[in-house]
Amino acid sequence: MPRATLVFLCVLHLNTVSGCELFGRFDMPSLFHHGDIMIGGIFPVFNKEQQQQQFCNFINFFRFDLRAFRWTQVMIFAIEEINKDPALLPNISLGYRILNSCASPTNALRAALTLASRPEETEFNSSCPPTISAVIAASGSSQSLAVAGTLGPFQVPIVSYFSTCACLSDRAKYPTFFRTIPSDYFQAKALAALVKHFGWQWIGAIQSDNDYGRNGILSFTEEVKKLGVCIAFVGTILRTYSMDKILDVVEMIRRSTVKVILAFVPEGDFYPLMKEVVKQNITGIQWIASEAWITAARPSTPEIYQAFGGALGFVVQKMAMPKLKPFLTNINPYTDPSNETLLNSQHAFFDVTQLRVTYNVYKAVYAIAHALHQLIFCKPAGQKPVTDHLQRVNFRNEFGDDVFFDENGDPPASYDIINWQLRNGQVQHVTLGHFASAANGDFRLNIQEEKIVWRTGKRVPTSVCSNVCPVGTRKAQIKGKPTCCFDCIPCADGTIANSTDCTPCPQEYWSNERKDECIPKTTEFLRYHEPMGIALTVVSLLGASLSLVTMMVFIHYRETPVIKASNSELSCFLLFSLFLCFLCPLTFMGRPTVWTCMLRHTAFGVTFALCISCVLGKTIVVVTAFKATIPGNKVAGKFGPAQQRIIVCSCTMIQILICVLWLKFKPPFPDMVFRYSNKKIVLECNTGSEAAFYAVLGYIGILAIVCLVLAFLARKLPDNFNEAKFITFSMLIFCAVWITFIPAYISSPGKFTVAVEIFAILSSAFGLLSSIFAPKCYIILVKPEKNTKKHVMGINEKTFKRKISL
């Protein structure tokens, strides 16, 4: 190896060295033609493979690759075309030296060093021959890495026709590498776009144990991870692997649940595995192919089609080269003994209508020729190496194809989508779509899905680790497995399932039974038309009606002794306030609004304050009237109608003042309460200020307690006149109702809170109405004979004195 490197350095310094001394040589046969400028070529014409013989023995042999041989011939064909072109390189002839790489990085490196040395075909004592100006190499990424890594530091340009590894785009490591086939960076994007298009989430991968396979699968994995696709397994193969390793990969495929497998492998490495898959009858798998084998002739047979039929893959766009066919058919093994294998050649060798890699070789030769043209004929000439001129190449060939390289030495990405189909007993590579990259980094995928022949039938195959979760469930990751493998867990109430998780519904919404949609929660409030609302409304209107009827009775019989004795003016005020109290619950029903919320609480507070104030006035009147019967007592004269009105108005005004302050600073407002139930919203009136609310209740309570105390003190008045005991009884009912109201109000949920408050209002109002006015109405309407002054004032003196003494 050191000797070969010295030879290489000697050749590179040819212009400054008068003679060359050869230290050693690799024994590598070549196709050679002398020219003014020499171009090297490295092709895998012979491939090293392993074949099983009897007694389980394996032997290595070299297989002649007719496809690669055509690549060598198209290079010769292009050079001859250029030599005949008077405009491209006038008066300059191109020569070539073509070596075999055996599809091996080691042999490719030997070939590169051989190209750097003096050709064996020249005479030893002649002056040093022209240096190799450029090299067209190689067929595999690993081989190109070896060649570019060796020749790159010496500014020898390498143009590859079939090396796609994205790693070769690294200009820092490989500054002189170019290629006429797109990088795997774009192919990985194309394959990922194909996987996304058909919704495949769980796929396997086969890679070759070289830079092409490893870097290709790495780029593909990075792309599909962005799409949420999982790689179930990655099998590794190589043409020189033992059968045991190949069988391990076959077993991996058999055990897996995937239905889609990507094979990012050169045809020569993949073919042994393909034969074994067919042998073991592993079918029902949709294969995705890289450009390295999807259009290869050797596996495209009916036998292989049994397991790989319907395969999909990407290849560079095809081109028809009609002029090439006469050149190929004129190859004569008798005039060129190296071509003796064409005696039994297949017809596919002469098919020039669907050339892909062959066309890449053709473009590579012309790209080098245009770079040489710039170097020689463009002023100033000879200033820069061939690599710089190759970077600026931009021309349109006779097929209308624009040939140029980007800053990384890559051509624009453009692929055809190929589908394996069996027609007339032959495997056809049918073009069914196209993939192209755009200048903005985006891509465009067009595919005729309806024309695809699937290995699994007419329907698009599915490949998932876990089926899509049913409606209302979410994905739960299975520990130790890829993200595509999951269990489905039902979403909790109040959440709906999206693609990956359960999302809580907004506060005013709730999940439906299927857990796939948020629906508005039902609203709850005390409605007029519901049974409870109807009952309370009827009772409220009944109480109001009874109050009006009682008032009418009192007005009609206002001149009778019973009415006069009970203070008709205060009684009418009290009946009017009770009428308002009975109507007050109607404001508590229906949908709460700003106005109803402010009205219901203030109306309740004011009407009850007026009611209790009237009761308080009546109580004071009873007490003072009794005291007036005692000689020398002048209290009754000081508590006439004017004073009664003042006490009623003043007590009521205090409550009005409290309500005004409440409404000004923290008024009640309609509120939505969610705490009672998850599935419904309770609409209620928020008091705004709890202190104000309880102040209103407290003030009413104080008035009621004062009335109760005064009435209790007047309980020993004469029986026929004693209204105090009825007031006492009514106040006991009133206080009992409102004392029990507070805990019931606090603990009642939803609309029942309102119902409890209405019940308390109606109960206390009915208590006052029945206790105070029912006995009088009974006497007036049922016992009119008792409605006399004598009966009202009549009392046994003995009894009177006894009660007074008590």
Query raised in the report: Do the side chain of T431 and the main chain of I418 share a donor and acceptor less than 3.5 angstrom apart?
Result: no
Query raised in the report: If you round to the nearest 0.5 Å, how far is CD1 of I253 from CD of E276?
Result: 10.5 Å
Report task. Compare all side-chain heavy atoms of S133 with those of L372 and state whether any distance is below 4.5 angstrom. Result -> yes
Query raised in the report: Applying ring-ring contact (aromatic ring centres under 6.0 Å, His included), which residue pairs with at least one partner in residues 296-320 are found, sequence neighbours left out?
Result: F270-F308, W287-F308
Query raised in the report: What class does the angle between the rings of F162 and W71 fall in, given that below 30° is parallel, 30 to 60° is tilted and above 60° is perpendicular?
Result: perpendicular
Report task. Search all heavy atoms of Q187 against all heavy atoms of S290 and return the closest pair with its distance. Result -> OE1-CA, 3.2 Å
**Report entry** I285 vs R455 side-chain heavy atoms within contact, under 4.5 Å
**Finding:** no
Query raised in the report: Taking Q306 for the side chain and N281 for the main chain, is one N or O donor matched with an acceptor at less than 3.5 Å?
Result: no
Report task. May I ask you to check whether over 12 heavy atoms, not counting those of Q428, lie within 6.0 Å of atom CD? Result -> yes
Requested in this report: For the residue pair N419 and Q421, confirm or rule out a side-chain donor-acceptor distance under 3.5 Å.
Outcome: yes
Requested in this report: With side chain to side chain contact (heavy atoms under 4.5 Å, CB included) as the test, would you mind laying out the steps for V135 and V156 before giving the verdict?
Outcome: CA-CA 8 Å; V135 177; V156 178; 4.3 Å; yes
Query raised in the report: So which pairs with a foot in residues 203-237 pass ring-ring contact (aromatic ring centres under 6.0 Å, His included), sequence neighbours left out?
Result: Y212-F264
Query raised in the report: Within 45 degrees of the axis of the six-membered ring of Y415 and under 6.0 Å from its centre: does R444 put its NZ or CZ there?
Result: no
Report task. Measure the shortest side-chain to side-chain distance between Y271 and V265 over non-hydrogen atoms and say whether it is less than 4.5 angstrom. Result -> no
Requested in this report: Kindly assign one of parallel, tilted or perpendicular to the pair F327 and F77, based on the angle between their ring planes and the thresholds 30° and 60°.
Outcome: tilted
Query raised in the report: Who passes salt bridge (Lys or Arg N to Asp or Glu O under 4.0 Å) against K363, sequence neighbours left out?
Result: D401
Query - Side chains of Q354 and T295 in contact at under 4.5 Å (non-hydrogen atoms) - result: no
Query raised in the report: Are any side-chain N or O atoms of T72 and backbone N or O atoms of F69, one a donor and one an acceptor, separated by less than 3.5 Å?
Result: yes
Report task. Drop me the distance from E398's CD to M321's CE, to the nearest 0.5 angstrom. Result -> 7.0 Å
Query raised in the report: To the nearest 0.5 Å, what is the distance between CG (N360) and CE (M319)?
Result: 10.0 Å
Report task. Report yes if the SG atoms of C230 and C465 are separated by under 2.5 Å, and no otherwise. Result -> no
Query raised in the report: How far apart are the closest heavy atoms of D406 and Q391, and which atoms are they?
Result: O-NE2, 2.6 Å
**Report entry** Side chain proximity check, F64 to V45, heavy atoms < 4.5 angstrom
**Finding:** yes
Report summary line: Residue set satisfying salt bridge (Lys or Arg N to Asp or Glu O under 4.0 Å) with R396, at least two apart, ordered chain then number -> D402
Report task. Apply side chain to side chain donor-acceptor pair (under 3.5 Å) to Y366 and list each qualifying residue two or more places apart in sequence or on a separate chain. Result -> E81
Requested in this report: Would you list the pairs meeting salt bridge (charged side-chain N to carboxylate O under 4.0 Å, His left out) in which at least one residue belongs to residues 175-188, sequence neighbours left out?
Outcome: R179-D410
Requested in this report: State which residues pass salt bridge (Lys or Arg N to Asp or Glu O under 4.0 Å) with R70; sequence neighbours excluded, sorted by chain then number.
Outcome: none
Report task. Go through F43 and Y161 one step at a time and tell me if the ring-ring contact (aromatic ring centres under 6.0 Å, His included) criterion holds. Result -> CA-CA 10 Å; F43 299 92; Y161 50 89; 4.9 Å; yes
Report summary line: Hits for salt bridge (Lys or Arg N to Asp or Glu O under 4.0 Å) against D211, two or more places apart or cross-chain, chain-then-number order -> none
Report task. Keeping to residues at least two apart or across chains, list the salt bridge (charged side-chain N to carboxylate O under 4.0 Å, His left out) pairs with something in residues 413-427. Result -> R356-D416
Query raised in the report: What residues, two or more places apart in sequence or in another chain, satisfy side chain to side chain donor-acceptor pair (under 3.5 Å) together with R67?
Result: none
Report task. Could I get the full list of side chain to side chain donor-acceptor pair (under 3.5 Å) partners for S208, not counting sequence neighbours? Result -> N210
Requested in this report: Taking the side chain as every heavy atom from C-beta outward, state whether L227 and V195 have any atom pair closer than 4.5 Å.
Outcome: no
Query raised in the report: How long is the span from the CG atom in N446 to the NE2 atom in H197, to the nearest 0.5 Å?
Result: 9.5 Å
Query raised in the report: Quick one: does V316's side chain get under 4.5 Å of P182's, heavy atoms only?
Result: yes
Query raised in the report: What is the distance from atom CZ of F46 to atom CG of N100, rounded to the nearest 0.5 Å?
Result: 6.5 Å
Report task. Using atom types as modelled and distance alone, determine if a side-chain donor or acceptor of S30 lies under 3.5 Å from a backbone N or O of L99. Result -> no
**Report entry** Stepwise side chain to side chain contact (heavy atoms under 4.5 Å, CB included) test for Y185 and S169
**Finding:** CA-CA 9 Å; Y185 171 79; S169 298; over 6 Å; no
Report summary line: S219 meets the side chain to side chain donor-acceptor pair (under 3.5 Å) criterion, sequence neighbours left out, with none
Query raised in the report: Which atom pair, heavy atoms only, marks the closest approach of A364 to V159?
Result: CB-CG1, 3.5 Å
**Report entry** Donor-acceptor contact below 3.5 Å, side chain S256 vs main chain M252
**Finding:** no
Query raised in the report: So do L31 and R97 actually touch side chain to side chain, heavy atoms under 4.5 Å?
Result: no
Query raised in the report: Any ion pair linking E222 and K225 (charged N to carboxylate O, less than 4.0 Å)?
Result: no
Query raised in the report: For the side chain of N397 and the backbone of F399, is there at least one donor-acceptor N/O pair under 3.5 Å apart?
Result: yes
